[in-house]
Amino acid sequence: MEGKVALILLAAGQGLRAGARKQWMRVGDRPLLALSLETFEKHPSIHHIYLGVDEDHREEGARCLAKWAPTKGRQVFMGGRRRQDTVYLGLGVLDTQVEMVGIHDAARPLVSPFLISRVLEKAREKGAAVPVVPLRDTVKEVDKDRVVATLNRQGLRAVQTPQFFRREVIERAYREATRMGWEATDDASLVERAGEEVYTVEGEEENFKVTYPQDLRRLEGLLGRETTAGIGYDVHPLVPSRKLILGGVEIPHPAGLLGHSDADVLCHAVVDALLGAAGLGDIGQLFPDSDPRHKDRSSLEFLEETARLLDEKGFQIIHIDATLVLEKPRINPYREAMKERMARALAIPPRSINIKATTTEGLGFTGRREGVAAYAVATIKGKR
Ligand code: MG
């Protein structure tokens with residue numbers, strides 16, 4: 001049986017260049033380090049995750065590990081003064097079954113699963129592997145403001161994390177470093193000095209390190225690009241002596257929809273579609289039937305609250321498409337008013353909502369006019 005693969009996530013740094021501890025900066029609803037924690041948690045080849053933090057973040061570190069790495073998170077440990085001290089302390093807490101060790105900077109939030117696989121595979125084969133990217137700019141060696149030399153860019157690479165090592169390789173390097181008093185800004189350097197070969201794989205541009213405040217804006221831009229969709233479906237029975245309210249508009253009709261709230265089947269389907277797209281559960285969890293506050297309530301308020309919730313979580317509504325399924329009445333005269341009211345509740349332009357209607361040609365419960373059904377698909381933009 002192959003041994004376990006452990007990942008040490010480094011979040012103990014001071015992050016002085018960004019003006020604050022960047023690994024704890026908020027990105028949407030979470031701290032920066034949660035992004036890489038989640039990526040390693042989901043990666044099939046990673047078994048254990050260890051999180052190195054500073055004294056001030058012991059409790060928050062434990063909360064983050066439990067929340068973002070619920071199955072693989074093993075331990076939060078106190079880091080040291082320098083990066084290499086933290087790695088050394090991390091190596092000391094690894095499980096005995098661990099054979100491969102990955103080390104990653106929490107300030108690189110966009111590490112991809114493919115990159116993790118590439119580095120790990122190479123390290124299994126060679127003992128030590130790091131991701132590298134070519135340099136964009138010409139590199140000069142300088143003495144204060146004077147150029148001393150121009151380096152040949154061809155043979156130079158910038159090094160990223162995660163770096164992966166066979167356990168005995170990285171442990172030997174750190175033992176030597178401690179004995180000899182070596183200092184280094186990455187782990188591979190110590191492995192090299194200890195006389196081991198370090199191999200490279202292709203890194204990724206998006207796996208950049210958040211160092212300056214503008215890096216955080218770049219990150220938010222990259223994260224904001226992801227688009228998701230959700231589906232919603234709802235049915236309410238048609239009964240005499242109730243108002244018929246669809247899309248927030250009261251429509252004159254001898255029967256109306258029965259439900260705890262105003263039973264606006266169209267708004268309910270849209271709420272579910274939005275919650276689905278955002279991964280936030282369903283309408284029953286958010287507005288339970290058992291809650292007397294929702295009795296006879298206008299479902300436009302459910303839309304409003306849902307839109308507010310999505311906004312708080314950093315999502316933006318792009319488009320909603322919905323289909324009402326009913327035999328009677330014709331909804332065409334009310335379509336624009338519905339779009340307008342729903343759009344206002346969701347704080348989006350009316351052109352971002354499309355409402356369609358169909359009959360079922362007399363078939364089924366809608367055909368027999370026993371009830372009305374609605375389908376909706378919501379497209380939203382947000383973080384991953
Ligand atoms: Mg409903």
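Remember, predicted model here, so these are calculated numbers, not experimental data. Whatever order the structure lists them in is the order used to number ligands and atoms, beginning at 1.
In terms of modelled atom types and a separation under 3.5 Å, the side chain of Arg108 and the main chain of Asn207 share a donor-acceptor contact. Within the 3.5 Å criterion, the main-chain N or O of Pro131 finds no donor-acceptor partner in the side chain of Lys122. Under the 3.5 Å distance criterion, the side-chain polar atoms of Arg166 are matched with a main-chain donor or acceptor of Arg124.
Counting only protein N, O or S atoms, 3 lie closer than 2.8 Å to the Mg ion (ligand 1).
In this view, Tyr233 and Tyr375 satisfy the ring pair (Phe, Tyr, Trp, His ring centres under 6.0 Å) rule, not counting sequence neighbours.
In this pair, His268 and Phe302 present their aromatic rings tilted. The plane angle is within the 30 to 60° band.
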Exercise for the section: Start with the C-alpha distance between Glu327 and Thr360, add both sets of side-chain angles, then the distance that settles side chain to side chain contact (heavy atoms under 4.5 Å, CB included), and finish with yes or no. Expected result: CA-CA 7 Å; Glu327 209 64 28; Thr360 46; 4.0 Å; yes
